[in-house]
Amino acid sequence: MNDRETVKICKALADENRLNILRLLRNGELCACHLLEDLHITQPTLSHHMKLLCDCGLVDYRKDGKWMHYSIAKDAHAKLSAVTTEYFGEEESR
C-alpha cells in the first residue's frame with residue numbers, strides 16, 4: 001500500500017460520523033435510508049461520508065432501485081492491518 005492510499009484511509013477514519021457508519025455496518029449491509037435514520041444527518045452529508053469510505057476501499061456499495069446499500073468491504077480488515085503493520089510493525093506474540 002502506498003502513502004497516498006494510507007492517507008485516504010486515515011482521513012476516512014478521522015471523523016466521528018464515519019466511525020459510526022462503520023460501526024453500524026459491521027453487522028451487515030444497510031440501506032442508506034437506515035443509516036440516515038440512525039445518524040440523524042442529511043442525505044448530502046451521508047453521501048459525502050460514504051464517498052470517502054468507498055473511495056478508500058473500506059466500504060462497498062450496490063444500487064437497488066433508488067436506494068444505495070452499503071457494507072464493509074471484504075478486504076477492509078486486510079487494508080487496516082496493512083496500514084498498522086506498515087507504521088507500527090507486527091504485533092509481538094505474548
Non-hydrogen side-chain atoms of Tyr70 and Cys31 separated by less than 4.5 Å: no

Gap between atom NE2 of His49 and atom SG of Cys54 - 0.5 Å precision: 13.0 Å

Side chain to side chain donor-acceptor pair (under 3.5 Å) contacts touching residues 56-66 (sequence neighbours left out): Glu29-Arg62

Side chains of Leu52 and Lys11 in contact at under 4.5 Å (non-hydrogen atoms): no

Cluster overlap Val7 with Leu58, hydrophobic side-chain contacts below 4.5 Å: no

Pairwise distance CZ(Arg18) to NE2(His48) - rounded to 0.5 angstrom: 5.0 Å

CD-CG distance between Glu86 and Asn2, expressed to the nearest 0.5 angstrom: 10.0 Å

For Asp38, all residues meeting salt bridge (Lys or Arg N to Asp or Glu O under 4.0 Å), sequence neighbours excluded: none

Single-linkage hydrophobic cluster, 4.5 Å side-chain cutoff, Leu25 and Trp67 together: no

NZ-NZ distance between Lys8 and Lys79, expressed to the nearest 0.5 angstrom: 8.5 Å

Heavy-atom closest pair, residues Ala73 and Gly57: CB-O, 3.2 Å

Side chain proximity check, Ile21 to Leu46, heavy atoms < 4.5 angstrom: yes

Whether over 12 other heavy atoms sit under 6.0 Å from Tyr87 OH: yes

Side chains of Met1 and Ile9 in contact at under 4.5 Å (non-hydrogen atoms): yes

Side-chain heavy atoms of Asp15 within contact of Asn20, under 4.5 Å: no

Sub-4.5 Å side-chain heavy-atom contact between Thr6 and Cys10: yes

From CZ (Arg23) to CD1 (Ile72), nearest 0.5 Å: 11.0 Å

Exam field: side chain Thr84 to backbone Ser81, donor-acceptor pair closer than 3.5 Å: yes

Stepwise side-chain contact (heavy atoms from CB on, under 4.5 Å) check, Leu35 with Ile41: CA-CA 9 Å; Leu35 291 169; Ile41 59 176; over 6 Å; no

ILVMFWY cluster, Leu19 and Leu24 together (side-chain gap under 4.5 Å): yes

Backbone of Gln43 reached by a side-chain donor or acceptor of Ser47 within 3.5 Å: yes

Interatomic spacing from CG in Leu30 to OG in Ser71 - rounded to 0.5 Å: 9.5 Å

